[in-house]
Amino acid sequence: QVQLVESGGGLVHSGGSLRLPCAASGIRFSLYTVAWYCQGPGKEREAVARLALDGKTNYPESTEGRFTISRDNDKNMVYLQMNSLTPDDTGEYYCVARWGGETYWGKGTLVTVSS
């Protein structure tokens, strides 16, 4: 059974930082590209960080320079380091793993940034 389990969410003040871990199981994790998505209140789910198998990262303008995605294939883990958080970063954060036609989503972890 494939599982992606996010953790690390919570309440943080504007300007603060959080690190979100995501634990993967049931897949050959090293074969999968990974990403983090966020769905804010009343907003569509959107990618906030992507990490390709060659190590290249991609961030939208809204998170470039503040968020960092990384992975540890030995531990089957993906991380999202979030700095300089603002209330606009509030939302449910999801870990995603993709390989070929397979895409797996975690259930999410809630991040709330207070002003």
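All values below come from the heavy atoms of this structure, side chains included, with hydrogens, waters and symmetry mates left out.
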Closest non-hydrogen atom pair between P21 and W36, with its separation: O-CH2, 3.9 Å
Within 45° cone of Y59 ring axis and under 6.0 Å: R66 NZ or CZ: no
Distance in Å, L20 CG paired with C38 SG, rounded so as to fall on 0.5 Å steps: 9.5 Å
Side-chain donor/acceptor of E6 to backbone N/O of T109, under 3.5 Å: no
Rounded distance [0.5 Å steps], CG in N73 versus CZ in R28: 11.0 Å
Nearest atoms (heavy-atom pairs only) where L4 meets A97: CD1-N, 3.8 Å
Y37: which of F67, Y93, W105 passes ring pair (Phe, Tyr, Trp, His ring centres under 6.0 Å): W105
Minimum heavy-atom distance S17-S84, with the two atoms named: OG-N, 4.3 Å
Shortest non-hydrogen contact from A47 toward P60: O-CG, 3.4 Å
Pairwise distance CG(D89) to OG1(T112) - rounded to 0.5 angstrom: 11.5 Å
Path from V111 to L11 over hydrophobic side-chain contacts below 4.5 Å: no
Residue pair S14 / S114, side-chain heavy-atom distance below 4.5 Å: no
Quick one: side chains of residues 74-82, donor-acceptor pairs under 3.5 Å with protein atoms, not counting sequence neighbours, listed by atom name and distance.
from : atom 1 : to  : atom 2 : distance (Å)
Q81  : NE2    : N83 : OD1    : 2.9

Side-chain heavy atoms of V96 within contact of T103, under 4.5 Å: yes
Where R71 and T33 come nearest, the two heavy atoms and their spacing: NH1-CA, 4.3 Å
Verify same cluster id: L110, V48 (apolar side-chain graph, 4.5 Å): no
For E102, all residues meeting side-chain hydrogen bond (donor to acceptor under 3.5 Å, both in side chains), sequence neighbours excluded: Y32, Y104
Y94 with I69, same ILVMFWY side-chain cluster at under 4.5 Å: no
Spatial distance of atom CG (L85) from atom OG1 (T90) [nearest 0.5 Å]: 8.5 Å
Spacing of CD belonging to E46 relative to CD belonging to Q39, to within rounding of 0.5 Å: 9.5 Å
Point-to-point distance, once rounded to the nearest 0.5 Å, from NZ of K43 to CD of E92: 14.0 Å
Heavy-atom neighbours of W99 CH2 exceed 12 at 6.0 Å: no
Please tabulate, for the side chains in residues 50-58, all donor-acceptor contacts under 3.5 angstrom to protein atoms that are two or more places apart in sequence or on a different chain.
from : atom 1 : to  : atom 2 : distance (Å)
D54  : OD1    : K56 : N      : 2.9

